[in-house]
Number of protein chains: 2
Amino acid sequence: MLSAYRAVMQIDDVDRAILAILQRNSRTIAEDIGAEVGLSAAAVQRRIKRLRENGTINREVAVLDPRALGQEMTFVVLVELERERAHLLEELRRRFLEDEHVQQCYCVTGQIDFVLVISARDMAEFDAVTRRVLFDNPTVRRFTTNVVLDRVKVGLTVPTG
Amino acid sequence: MLSAYRAVMQIDDVDRAILAILQRNSRTIAEDIGAEVGLSAAAVQRRIKRLRENGTINREVAVLDPRALGQEMTFVVLVELERERAHLLEELRRRFLEDEHVQQCYCVTGQIDFVLVISARDMAEFDAVTRRVLFDNPTVRRFTTNVVLDRVKVGLTVPTG
DNA sequence: CATGAAAATTGCTAACC
DNA sequence: GGTTAGCAATTTTCATG
(Lines give C-alpha, C1' and ligand atoms only; values in the text may rest on other atoms or scores of the structure.)
Protein backbone atom coordinates (compact mmCIF):
# COMPACT_ATOMS: atom_id res chain seq x y z
CA MET A 1 0.00 0.00 0.00
CA LEU A 2 1.13 3.49 -0.79
CA SER A 3 -0.66 5.28 2.05
CA ALA A 4 2.58 5.79 3.92
CA TYR A 5 4.12 7.55 0.97
CA ARG A 6 1.01 9.62 0.40
CA ALA A 7 1.07 10.77 3.99
CA VAL A 8 4.45 12.32 3.31
CA MET A 9 3.26 14.21 0.23
CA GLN A 10 2.29 17.79 0.56
CA ILE A 11 0.69 19.27 -2.52
CA ASP A 12 -0.06 22.97 -2.39
CA ASP A 13 -2.22 25.15 -4.61
CA VAL A 14 0.66 25.97 -6.96
CA ASP A 15 1.30 22.25 -7.47
CA ARG A 16 -2.38 21.77 -8.22
CA ALA A 17 -2.30 24.56 -10.79
CA ILE A 18 0.75 23.01 -12.46
CA LEU A 19 -0.89 19.57 -12.49
CA ALA A 20 -4.09 20.99 -13.99
CA ILE A 21 -2.04 22.36 -16.88
CA LEU A 22 0.06 19.24 -17.40
CA GLN A 23 -2.88 16.85 -17.47
CA ARG A 24 -4.32 18.85 -20.39
CA ASN A 25 -0.99 19.19 -22.18
CA SER A 26 2.19 17.68 -20.83
CA ARG A 27 4.24 19.50 -23.47
CA THR A 28 3.51 22.93 -22.01
CA ILE A 29 6.92 24.48 -21.40
CA ALA A 30 7.98 25.44 -17.90
CA GLU A 31 8.24 29.10 -18.79
CA ASP A 32 4.57 29.27 -19.84
CA ILE A 33 3.48 27.35 -16.76
CA GLY A 34 5.54 29.72 -14.65
CA ALA A 35 3.82 32.73 -16.20
CA GLU A 36 0.49 31.13 -15.32
CA VAL A 37 1.25 30.25 -11.72
CA GLY A 38 3.67 33.08 -10.91
CA LEU A 39 6.94 31.20 -10.63
CA SER A 40 10.23 31.04 -12.54
CA ALA A 41 10.73 28.25 -15.08
CA ALA A 42 13.37 26.63 -12.88
CA ALA A 43 11.06 26.57 -9.87
CA VAL A 44 8.32 24.98 -11.98
CA GLN A 45 10.73 22.31 -13.23
CA ARG A 46 11.80 21.50 -9.69
CA ARG A 47 8.19 21.08 -8.63
CA ILE A 48 7.41 18.89 -11.64
CA LYS A 49 10.44 16.75 -10.84
CA ARG A 50 9.20 16.29 -7.29
CA LEU A 51 5.66 15.47 -8.46
CA ARG A 52 7.08 12.83 -10.77
CA GLU A 53 9.26 11.33 -8.08
CA ASN A 54 6.54 11.11 -5.44
CA GLY A 55 4.15 9.51 -7.95
CA THR A 56 1.57 12.30 -8.14
CA ILE A 57 2.44 12.37 -11.82
CA ASN A 58 2.09 8.71 -12.64
CA ARG A 59 3.40 8.92 -16.17
CA GLU A 60 3.32 11.03 -19.31
CA VAL A 61 1.78 9.54 -22.40
CA ALA A 62 0.73 10.24 -25.96
CA VAL A 63 -3.00 9.77 -26.50
CA LEU A 64 -3.54 8.17 -29.89
CA ASP A 65 -6.54 8.26 -32.19
CA PRO A 66 -7.81 4.65 -32.27
CA ARG A 67 -9.32 5.20 -35.71
CA ALA A 68 -5.99 6.24 -37.17
CA LEU A 69 -4.72 2.83 -36.10
CA GLY A 70 -7.66 0.93 -37.57
CA GLN A 71 -9.40 0.40 -34.24
CA GLU A 72 -12.81 1.53 -35.44
CA MET A 73 -14.91 -0.01 -32.68
CA THR A 74 -15.09 0.30 -28.92
CA PHE A 75 -17.12 -1.86 -26.54
CA VAL A 76 -18.08 -1.73 -22.90
CA VAL A 77 -18.37 -5.25 -21.54
CA LEU A 78 -20.00 -6.00 -18.18
CA VAL A 79 -18.70 -9.25 -16.73
CA GLU A 80 -20.46 -11.35 -14.10
CA LEU A 81 -18.50 -14.08 -12.36
CA GLU A 82 -19.68 -17.54 -11.30
CA ARG A 83 -18.11 -17.31 -7.89
CA GLU A 84 -15.08 -15.57 -6.63
CA ARG A 85 -12.37 -18.10 -6.18
CA ALA A 86 -9.31 -16.02 -5.46
CA HIS A 87 -6.72 -17.65 -7.71
CA LEU A 88 -9.04 -17.91 -10.70
CA LEU A 89 -9.90 -14.25 -10.28
CA GLU A 90 -6.21 -13.45 -10.31
CA GLU A 91 -5.81 -15.46 -13.52
CA LEU A 92 -8.61 -13.46 -15.09
CA ARG A 93 -7.13 -10.12 -14.06
CA ARG A 94 -3.81 -11.12 -15.59
CA ARG A 95 -5.52 -11.91 -18.91
CA PHE A 96 -7.17 -8.50 -18.96
CA LEU A 97 -3.89 -6.81 -18.15
CA GLU A 98 -1.95 -8.68 -20.80
CA ASP A 99 -4.41 -8.30 -23.67
CA GLU A 100 -3.73 -5.08 -25.54
CA HIS A 101 -7.30 -4.95 -26.83
CA VAL A 102 -8.55 -4.61 -23.28
CA GLN A 103 -7.98 -0.90 -22.85
CA GLN A 104 -9.48 -0.62 -19.42
CA CYS A 105 -10.53 -2.93 -16.63
CA TYR A 106 -12.30 -2.06 -13.41
CA CYS A 107 -13.08 -4.53 -10.66
CA VAL A 108 -16.37 -3.41 -9.12
CA THR A 109 -19.00 -4.28 -6.50
CA GLY A 110 -22.64 -5.07 -7.21
CA GLN A 111 -24.34 -7.32 -9.74
CA ILE A 112 -21.37 -6.90 -12.03
CA ASP A 113 -17.84 -7.93 -11.12
CA PHE A 114 -15.76 -6.45 -13.93
CA VAL A 115 -16.23 -3.60 -16.37
CA LEU A 116 -14.05 -3.79 -19.48
CA VAL A 117 -13.45 -1.31 -22.26
CA ILE A 118 -12.34 -3.21 -25.34
CA SER A 119 -11.21 -1.81 -28.68
CA ALA A 120 -11.18 -3.75 -31.93
CA ARG A 121 -10.79 -3.35 -35.66
CA ASP A 122 -14.25 -4.86 -36.27
CA MET A 123 -16.81 -7.28 -34.84
CA ALA A 124 -14.81 -10.30 -35.88
CA GLU A 125 -11.78 -9.11 -33.95
CA PHE A 126 -13.95 -8.27 -30.95
CA ASP A 127 -15.37 -11.80 -31.00
CA ALA A 128 -11.87 -13.18 -31.05
CA VAL A 129 -10.95 -11.07 -28.03
CA THR A 130 -13.97 -12.15 -25.98
CA ARG A 131 -13.34 -15.77 -26.86
CA ARG A 132 -9.74 -15.37 -25.79
CA VAL A 133 -10.29 -13.59 -22.49
CA LEU A 134 -13.85 -14.52 -21.45
CA PHE A 135 -15.21 -17.70 -23.01
CA ASP A 136 -12.30 -19.93 -22.09
CA ASN A 137 -12.84 -19.28 -18.43
CA PRO A 138 -15.07 -21.25 -16.04
CA THR A 139 -15.14 -18.30 -13.63
CA VAL A 140 -17.13 -16.14 -16.06
CA ARG A 141 -20.86 -16.74 -15.64
CA ARG A 142 -21.94 -14.35 -18.36
CA PHE A 143 -21.18 -11.00 -19.88
CA THR A 144 -23.17 -8.34 -21.70
CA THR A 145 -21.70 -6.39 -24.58
CA ASN A 146 -22.45 -2.73 -25.24
CA VAL A 147 -21.30 -1.26 -28.51
CA VAL A 148 -19.96 2.25 -28.07
CA LEU A 149 -21.76 4.70 -30.36
CA ASP A 150 -19.79 7.71 -29.18
CA ARG A 151 -16.72 8.10 -27.02
CA VAL A 152 -18.15 11.27 -25.50
CA LYS A 153 -15.35 11.69 -22.97
CA VAL A 154 -12.29 9.52 -22.74
CA GLY A 155 -9.87 11.57 -20.66
CA LEU A 156 -8.11 10.48 -17.54
CA THR A 157 -8.14 13.92 -15.97
CA VAL A 158 -8.60 14.19 -12.24
CA PRO A 159 -10.18 17.11 -10.39
CA THR A 160 -7.29 19.19 -9.09
CA GLY A 161 -9.33 21.73 -7.12
CA MET B 1 -16.12 13.17 -40.73
CA LEU B 2 -12.42 12.56 -40.80
CA SER B 3 -12.46 9.63 -43.20
CA ALA B 4 -11.14 11.77 -46.02
CA TYR B 5 -8.16 12.79 -43.94
CA ARG B 6 -7.63 9.29 -42.73
CA ALA B 7 -7.61 8.03 -46.27
CA VAL B 8 -4.61 10.27 -46.86
CA MET B 9 -2.73 8.98 -43.83
CA GLN B 10 -0.24 6.28 -44.35
CA ILE B 11 1.14 4.79 -41.18
CA ASP B 12 3.89 2.26 -41.63
CA ASP B 13 5.45 -0.21 -39.23
CA VAL B 14 8.09 2.26 -38.07
CA ASP B 15 5.37 4.78 -37.20
CA ARG B 16 3.57 2.07 -35.28
CA ALA B 17 6.73 1.24 -33.35
CA ILE B 18 7.24 4.91 -32.50
CA LEU B 19 3.62 5.26 -31.40
CA ALA B 20 3.86 2.16 -29.23
CA ILE B 21 6.77 3.75 -27.39
CA LEU B 22 5.18 7.20 -27.05
CA GLN B 23 1.91 5.91 -25.69
CA ARG B 24 3.82 4.25 -22.84
CA ASN B 25 6.10 7.23 -22.25
CA SER B 26 5.77 10.41 -24.25
CA ARG B 27 8.99 11.75 -22.74
CA THR B 28 11.16 9.14 -24.42
CA ILE B 29 13.79 11.14 -26.30
CA ALA B 30 14.07 10.87 -30.07
CA GLU B 31 17.56 9.41 -29.88
CA ASP B 32 16.39 6.45 -27.77
CA ILE B 33 13.38 5.89 -30.02
CA GLY B 34 15.68 5.99 -33.02
CA ALA B 35 17.93 3.35 -31.51
CA GLU B 36 14.86 1.17 -31.01
CA VAL B 37 13.40 1.53 -34.48
CA GLY B 38 16.65 1.95 -36.45
CA LEU B 39 16.41 5.59 -37.46
CA SER B 40 18.26 8.81 -36.73
CA ALA B 41 16.89 11.12 -34.05
CA ALA B 42 15.98 13.75 -36.65
CA ALA B 43 14.03 11.25 -38.73
CA VAL B 44 12.11 10.18 -35.64
CA GLN B 45 11.31 13.82 -34.85
CA ARG B 46 10.01 14.39 -38.34
CA ARG B 47 7.73 11.37 -38.09
CA ILE B 48 6.44 12.44 -34.67
CA LYS B 49 5.74 15.91 -36.05
CA ARG B 50 3.74 14.39 -38.91
CA LEU B 51 1.83 12.07 -36.55
CA ARG B 52 0.90 15.07 -34.40
CA GLU B 53 -0.21 17.12 -37.36
CA ASN B 54 -2.39 14.45 -38.93
CA GLY B 55 -4.05 13.72 -35.59
CA THR B 56 -2.76 10.20 -35.05
CA ILE B 57 -1.22 11.59 -31.87
CA ASN B 58 -4.24 13.31 -30.39
CA ARG B 59 -2.49 14.97 -27.49
CA GLU B 60 0.17 14.42 -24.86
CA VAL B 61 -0.85 14.41 -21.23
CA ALA B 62 0.34 13.76 -17.71
CA VAL B 63 -1.52 10.91 -16.01
CA LEU B 64 -2.07 11.80 -12.38
CA ASP B 65 -2.61 9.59 -9.36
CA PRO B 66 -6.19 10.33 -8.23
CA ARG B 67 -5.35 9.35 -4.65
CA ALA B 68 -2.57 11.89 -4.46
CA LEU B 69 -5.23 14.50 -5.21
CA GLY B 70 -7.66 13.21 -2.62
CA GLN B 71 -9.89 11.41 -5.13
CA GLU B 72 -10.03 8.16 -3.20
CA MET B 73 -13.07 6.64 -4.89
CA THR B 74 -14.02 5.65 -8.41
CA PHE B 75 -17.45 4.57 -9.64
CA VAL B 76 -18.82 3.04 -12.81
CA VAL B 77 -22.37 4.28 -13.37
CA LEU B 78 -24.71 2.66 -15.90
CA VAL B 79 -27.36 5.10 -17.08
CA GLU B 80 -30.67 4.16 -18.64
CA LEU B 81 -32.70 6.86 -20.37
CA GLU B 82 -36.46 7.36 -20.39
CA ARG B 83 -36.61 8.00 -24.08
CA GLU B 84 -34.18 9.47 -26.50
CA ARG B 85 -35.31 12.96 -27.27
CA ALA B 86 -32.44 14.43 -29.23
CA HIS B 87 -32.04 17.82 -27.62
CA LEU B 88 -32.38 16.52 -24.07
CA LEU B 89 -29.78 13.93 -24.85
CA GLU B 90 -27.49 16.68 -26.06
CA GLU B 91 -28.07 18.59 -22.83
CA LEU B 92 -27.11 15.50 -20.87
CA ARG B 93 -23.95 14.95 -22.87
CA ARG B 94 -22.90 18.51 -22.23
CA ARG B 95 -23.32 18.03 -18.49
CA PHE B 96 -21.12 14.97 -18.56
CA LEU B 97 -18.50 16.79 -20.59
CA GLU B 98 -18.47 19.83 -18.34
CA ASP B 99 -18.33 18.07 -15.00
CA GLU B 100 -14.74 17.41 -14.02
CA HIS B 101 -15.77 14.53 -11.76
CA VAL B 102 -17.08 12.66 -14.79
CA GLN B 103 -13.80 11.23 -16.00
CA GLN B 104 -15.23 9.21 -18.84
CA CYS B 105 -18.49 8.95 -20.72
CA TYR B 106 -19.45 6.44 -23.37
CA CYS B 107 -22.72 6.49 -25.28
CA VAL B 108 -23.64 2.85 -25.93
CA THR B 109 -26.27 0.58 -27.44
CA GLY B 110 -28.31 -2.00 -25.57
CA GLN B 111 -30.19 -1.92 -22.29
CA ILE B 112 -27.88 0.82 -21.08
CA ASP B 113 -27.51 4.19 -22.81
CA PHE B 114 -24.51 5.74 -21.06
CA VAL B 115 -21.57 4.38 -19.16
CA LEU B 116 -19.87 6.88 -16.85
CA VAL B 117 -16.68 6.66 -14.85
CA ILE B 118 -16.89 9.10 -11.96
CA SER B 119 -14.21 9.95 -9.41
CA ALA B 120 -14.87 11.53 -6.04
CA ARG B 121 -13.26 12.32 -2.72
CA ASP B 122 -15.83 10.22 -0.85
CA MET B 123 -19.42 8.96 -0.99
CA ALA B 124 -20.85 12.35 -0.09
CA GLU B 125 -19.11 14.00 -3.01
CA PHE B 126 -20.23 11.21 -5.31
CA ASP B 127 -23.83 11.74 -4.21
CA ALA B 128 -23.50 15.42 -4.97
CA VAL B 129 -22.20 14.61 -8.46
CA THR B 130 -25.02 12.19 -9.28
CA ARG B 131 -27.59 14.68 -7.99
CA ARG B 132 -26.03 17.36 -10.15
CA VAL B 133 -25.72 15.44 -13.40
CA LEU B 134 -28.34 12.67 -13.15
CA PHE B 135 -31.17 13.34 -10.70
CA ASP B 136 -32.11 16.74 -12.04
CA ASN B 137 -32.88 15.31 -15.42
CA PRO B 138 -36.23 13.94 -16.66
CA THR B 139 -34.46 12.02 -19.42
CA VAL B 140 -32.74 9.70 -16.94
CA ARG B 141 -34.97 6.74 -16.12
CA ARG B 142 -32.58 5.13 -13.68
CA PHE B 143 -28.95 4.41 -13.07
CA THR B 144 -27.00 1.74 -11.25
CA THR B 145 -23.84 2.54 -9.33
CA ASN B 146 -20.86 0.21 -9.15
CA VAL B 147 -18.14 1.05 -6.68
CA VAL B 148 -14.70 0.39 -8.11
CA LEU B 149 -12.71 -1.94 -5.87
CA ASP B 150 -9.65 -1.96 -8.09
CA ARG B 151 -8.64 0.10 -11.11
CA VAL B 152 -6.99 -2.95 -12.67
CA LYS B 153 -6.19 -1.21 -15.95
CA VAL B 154 -6.80 2.44 -16.66
CA GLY B 155 -4.69 3.15 -19.72
CA LEU B 156 -5.85 4.59 -22.99
CA THR B 157 -3.35 2.61 -25.02
CA VAL B 158 -4.40 1.41 -28.44
CA PRO B 159 -3.13 -1.74 -30.18
CA THR B 160 -0.45 -0.56 -32.59
CA GLY B 161 0.21 -3.93 -34.20
C1' DC C 1 14.39 24.75 2.20
C1' DA C 2 12.34 27.04 -1.82
C1' DT C 3 13.38 30.58 -4.90
C1' DG C 4 15.39 33.36 -8.99
C1' DA C 5 19.25 34.21 -12.11
C1' DA C 6 22.57 32.53 -15.02
C1' DA C 7 25.55 28.98 -16.78
C1' DA C 8 25.86 24.40 -18.68
C1' DT C 9 23.74 20.66 -20.82
C1' DT C 10 20.49 18.31 -23.40
C1' DG C 11 17.18 17.72 -26.91
C1' DC C 12 14.65 19.67 -30.73
C1' DT C 13 14.19 22.15 -35.25
C1' DA C 14 15.36 23.50 -39.70
C1' DA C 15 18.64 23.90 -43.11
C1' DC C 16 21.38 21.55 -46.07
C1' DC C 17 22.56 16.97 -48.84
C1' DG D 1 16.34 9.67 -44.41
C1' DG D 2 21.24 11.31 -42.62
C1' DT D 3 24.16 15.26 -41.08
C1' DT D 4 25.02 19.45 -39.01
C1' DA D 5 24.38 24.08 -37.26
C1' DG D 6 21.42 26.97 -34.53
C1' DC D 7 17.92 27.30 -31.20
C1' DA D 8 14.87 26.18 -27.39
C1' DA D 9 14.08 23.97 -23.12
C1' DT D 10 15.70 21.72 -19.24
C1' DT D 11 18.92 20.96 -15.56
C1' DT D 12 22.37 22.37 -12.49
C1' DT D 13 24.81 25.64 -9.85
C1' DC D 14 24.99 29.25 -6.76
C1' DA D 15 23.62 33.21 -4.06
C1' DT D 16 19.69 34.99 -1.35
C1' DG D 17 15.81 35.45 2.08
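So you know, we letter chains A, B, ... as the sequences are listed, proteins then strands, and number each from 1. Values below: all heavy atoms of this structure, side chains included; hydrogens, waters and symmetry mates excluded.
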(message) In this structure, how many angstroms lie between the C1' atom of C/dA2 and the CZ atom of A/R50, rounded?
(response) 10 Å
(message) So if I take every side-chain heavy atom of B/A30 and compare against D/dT11, C/dC12, C/dA2, which nucleotide ends up nearest?
(response) C/dC12
(request) Among the candidates D/dG2, D/dT11, C/dG4, find the nucleotide nearest to the side-chain atoms of B/R27. (result) D/dT11
(message) Distance check needed: C/dC12 P versus B/L22 CG, whole Å only.
(response) 10 Å
(request) Assign the ring pair B/F135 / B/F143 to parallel, tilted or perpendicular, where the plane angle (0 to 90°) is split at 30° and 60°. (result) perpendicular
(request) Look at the side chain of B/R46 and decide which nucleotide, out of D/dT10, C/dC12, D/dG1, has an atom nearest to it. (result) D/dG1
(message) Do A/V76 and A/L149 sit in one hydrophobic cluster, given that two such residues count as connected whenever their side-chain heavy atoms are within less than 4.5 Å of each other, even indirectly?
(response) no
(message) Taking the minimum atom-to-atom distance to the side chain of B/K49, which one of D/dA9, D/dG2, C/dA14 wins?
(response) C/dA14
(message) Taking the ring centre of each residue, are B/Y106 and B/F114 less than 6.0 Å apart?
(response) no
(request) Using atom CG of A/D32 as one end and atom C1' of D/dT10 as the other, report the distance to the nearest whole Å. (result) 14 Å
(request) Measure the distance from CD1 on A/I18 to P on C/dA2 and round it to the nearest whole Å. (result) 13 Å
(request) Among C/dA2, D/dG1, C/dG11, find the nucleotide with the atom closest to the side chain of B/A43. (result) D/dG1
(request) Select one nucleotide: of C/dT13, C/dG4, D/dT10, the one nearest the side-chain heavy atoms of A/L39. (result) C/dG4
(message) On DNA chain D, compare the nucleotides closest to A/A41 and B/A42; which residue's is nearer the 5' end?
(response) B/A42
(message) Are B/Q111 and B/L78 packed together at the side-chain level, in the sense that at least one heavy-atom pair is separated by less than 4.5 angstrom?
(response) no
(message) Just the rounded figure in Å: distance from P of C/dT13 to CD of B/E31.
(response) 15 Å
(message) Distance check needed: D/dG2 P versus B/Q45 CD, whole Å only.
(response) 13 Å
